[in-house]
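A short write-up of the structure that comes next.
Quick note: numbers below take in every heavy atom, side chains included, and nothing from hydrogens, waters or symmetry partners.
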Amino acid sequence: LLTLLMRIIKAGLENLEMVYELFDQYRQFYGQEPDIRSAEVFVSDRINKKESVIFLALDEKLNEAMGFVQLYPSFSSVSMQRIWILNDLFVHKDFRRKGVAEELIYRSKTLVSETKAKGILLETHKANSESQNLYDKTGFNRDEEHYYYFCQVNDPA
């Protein structure tokens with residue numbers, strides 16, 4: 001049994017290549033065409049503009065990126081507190097079922113504490129039972145009280 005030597009870091013420009021490669025794989029996982037250049041631009045914009053926080057799971061033995069989580073800041077007007085939106089969570093297929101996703105979520109929860117935020121909001125597809133099990137296991141509660149709506153304004157040509 002191989003034990004992972006995992007380290008979770010906050011991604012910066014020095015880790016950009018590792019992040020955008022995983023990000024492109026993540027998008028492909030959701031049925032998008034490969035587009036490594038656009039992935040690089042998108043991820044570097046988020047980091048440069050400080051519009052998101054990305055944590056990267058690294059295998060220290062192999063010096064490889066195993067997965068990432070990307071969180072976007074938002075606010076709750078009712079509670080007058082910051083919230084974090086967990087928008088992206090991805091673990092490379094070679095490292096799944098080894099605790100990587102859980103560690104990325106735990107690091108995300110630490111960010112909530114560090115920023116004195118209210119919590120983390122996320123969504124997942126109704127059919128994605130594997131992710132739902134992960135979120136249940138890591139302390140998330142399914143919201144049965146609110147509806148989620150989406151309005152597409154522009155045609156994504």
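- Annotation for Leu134 and Ala101: closest pair CD2-CB, 3.7 Å, computed over non-hydrogen atoms.
- Enclosure of atom NZ in Lys118 is not indicated, since only 12 or fewer non-hydrogen atoms of other residues, nucleotides or ligands lie within 6.0 angstrom.
- Cation-pi geometry between Arg142 and Phe140 is not met at under 6.0 angstrom from the ring centre and within 45 degrees of the axis.
- Ion pairing between a basic and an acidic side chain is recognised when a charged N comes within 4.0 Å of a carboxylate O; Arg107 and Glu102 show no such pairing.
- Although no hydrogens or angles enter the test, the distance criterion places a donor-acceptor pair under 3.5 Å between the side chain of Asn128 and the main chain of Ser131.
- Taking a 6.0 Å sphere around CD of Glu33, one finds it holds 12 or fewer heavy atoms contributed by other residues, nucleotides or ligands.
- Taking 4.5 Å as the limit, some side-chain heavy atom of Phe90 sits within range of a side-chain heavy atom of Phe29.
- Between Ile85 and Leu122 the shortest side-chain heavy-atom distance does not fall below 4.5 Å.
- Between Phe23 and Glu40, every side-chain heavy-atom pair lies at or beyond the 4.5 Å cut-off.
- Contact annotation: the side chain of Tyr72 approaches that of Asp88 to within less than 4.5 Å [non-hydrogen atoms, C-beta and beyond].
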Review item, side-chain donor-acceptor pairs of residues 73-82, under 3.5 Å, at least two apart:
from, atom 1, to, atom 2, distance (Å)
Ser76, OG, Ser79, N, 3.2
Ser76, OG, Ser79, OG, 2.9

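- The closest side-chain heavy-atom distance from Val19 to Leu56 is below 4.5 Å.
- Within a 6.0 Å radius of CG in Asn63, other residues, nucleotides and ligands contribute 12 heavy atoms or fewer.
- Using modelled atom types and a 3.5 Å distance limit, the side chains of Gln28 and Asp24 yield a donor-acceptor pair.
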